[in-house]
Amino acid sequence: MPAPVFFHDIRALTLGQVAELAGVALPSGADAASRITAIKPLDEAGPSDLSYMDNPRYVADLEATRAGVVLVSARHAARTPATSVALVAADPQRAYALCLAAMAPEAARPASLFESAAVSPGSFVHPTARLERGVVVDPGAVIGPRAEIGAGTVVAAHAVIGPDVRVGRDCSIGP
């Protein structure tokens with residue numbers, strides 16, 4: 001069986017772009033043009049991968065990582081192997097999330113798991129509910145009386161929106 005694919009459209013970034021997104025300076029001697037092509041955990045990362053670490057529980061993984069770039073807090077930076085570029089960030093997890101959103105935009109905006117584009121057959125939308133343009137309702141979802149759903153919102157399979165509930169625009173609602 002092939003490896004699972006969570007993100008289909010991974011966009012490569014340069015090390016310079018990663019540093020810019022993270023709001024940090026590149027260490028001296030780092031090649032700003034080197035390409036980062038994937039995002040992986042410390043223990044799985046390789047030379048063209050981005051990873052992060054900000055939990056003392058994972059110091060051993062940091063010390064053994066083969067990641068090309070690691071977003072890391074100042075207190076753990078010295079533990080980063082010489083083969084990895086340590087980008088020292090005040091909040092490595094936030095910096096990692098910003099890089100993830102740039103490299104895998106679909107992760108930042110969940111879409112219909114059923115590739116629906118509107119109200120799916122098999123869902124139930126009460127006749128008094130109001131849905132703005134571009135709302136996606138997956139099979140099995142229920143939208144109750146007088147509910148209001150804003151444009152661009154995705155209501156996932158088996159989610160229930162109760163009576164009189166108001167959901168804003170560009171939201172993602174799960175079960």
Side-chain angles (χ1 to χ4, degrees), residues 1-14 17-24 36-45 48-58 61-62 67 69-73 76 87 89-175:
M1 179 174 194
V5 176
F6 294 103
F7 306 118
H8 298 283
D9 182 24
I10 298 292
R11 298 176 183 167
L13 296 176
T14 65
Q17 289 171 316
V18 170
E20 185 177 327
L21 285 166
V24 301
I36 306 304
T37 59
I39 300 166
K40 293 191 179 167
L42 290 166
D43 61 341
E44 296 177 21
S48 64
D49 299 334
L50 171 68
S51 195
Y52 92 100
M53 190 279 202
D54 192 29
N55 185 327
R57 206 174 357 172
Y58 300 104
D61 288 339
L62 174 63
V69 181
V70 180
L71 293 160
V72 65
S73 62
H76 300 297
L87 294 181
D91 186 348
Q93 185 175 16
R94 182 178 188 284
Y96 187 70
L98 292 170
C99 292
L100 177 62
M103 293 180 76
E106 67 184 273
R109 176 76 173 101
S112 168
L113 295 177
F114 293 88
E115 299 180 356
S116 301
V119 176
S120 298
S123 64
F124 175 79
V125 178
H126 194 275
T128 62
R130 187 170 80 74
L131 279 60
E132 290 184 348
R133 178 174 289 140
V135 171
V136 173
V137 182
D138 276 346
V142 175
I143 299 177
R146 299 169 307 283
E148 297 180 19
I149 312 293
T153 291
V154 175
V155 181
H158 302 289
V160 176
I161 308 295
D164 302 304
V165 172
R166 298 172 91 188
V167 177
R169 295 186 173 117
D170 297 315
C171 296
S172 179
I173 307 296

Distance-minimising heavy-atom pair for M103 and L13: CG-CD1, 3.4 Å
Working for side chain to side chain contact (heavy atoms under 4.5 Å, CB included), residues Q93 and D54: CA-CA 7 Å; Q93 185 175 16; D54 192 29; 5.6 Å; no
Shortest non-hydrogen contact from A45 toward K40: CA-CB, 3.9 Å
Audit row: F114, V136, side chain to side chain contact (heavy atoms under 4.5 Å, CB included) steps and yes/no: CA-CA 10 Å; F114 293 88; V136 173; over 6 Å; no
Gap between atom CE of M53 and atom CG of L42 - 0.5 Å precision: 7.0 Å
Chi angles and distances behind the side chain to side chain contact (heavy atoms under 4.5 Å, CB included) call for V125, I149: CA-CA 11 Å; V125 178; I149 312 293; over 6 Å; no
N/O donor-acceptor pair under 3.5 Å between S120 side chain and S123 backbone: no
Closest non-hydrogen atom pair between A147 and I143, with its separation: CB-CG2, 3.7 Å
Inter-residue atom distance I161.CD1 - I173.CD1, 0.5 Å rounding: 5.0 Å
Atom of G150, atom of V135 and distance for their closest heavy-atom approach: O-CG2, 3.2 Å
Separation between CG of D49 and CD1 of I36, rounded to the nearest 0.5 Å: 8.0 Å
Residues L71, L50; criterion side chain to side chain contact (heavy atoms under 4.5 Å, CB included); working and verdict: CA-CA 8 Å; L71 293 160; L50 171 68; 4.0 Å; yes
Heavy-atom pair of closest approach, residues A22 and A95: CB-CB, 3.7 Å
Any side-chain heavy-atom pair of P163 and R146 under 4.5 Å: yes
Spatial distance of atom CD (E115) from atom CG (D138) [nearest 0.5 Å]: 10.5 Å
Closest approach of H126 to G144 (non-hydrogen atoms, all atoms of both residues): CB-C, 3.6 Å
Check: E44 side chain, P41 main-chain N or O, donor-acceptor pair, under 3.5 Å: no
Between OG on residue S51 and CD1 on residue I39, distance to nearest 0.5 Å: 9.5 Å
CG-CG distance between L21 and L98, expressed to the nearest 0.5 angstrom: 6.5 Å
Side-chain heavy atoms of V70 within contact of H76, under 4.5 Å: no
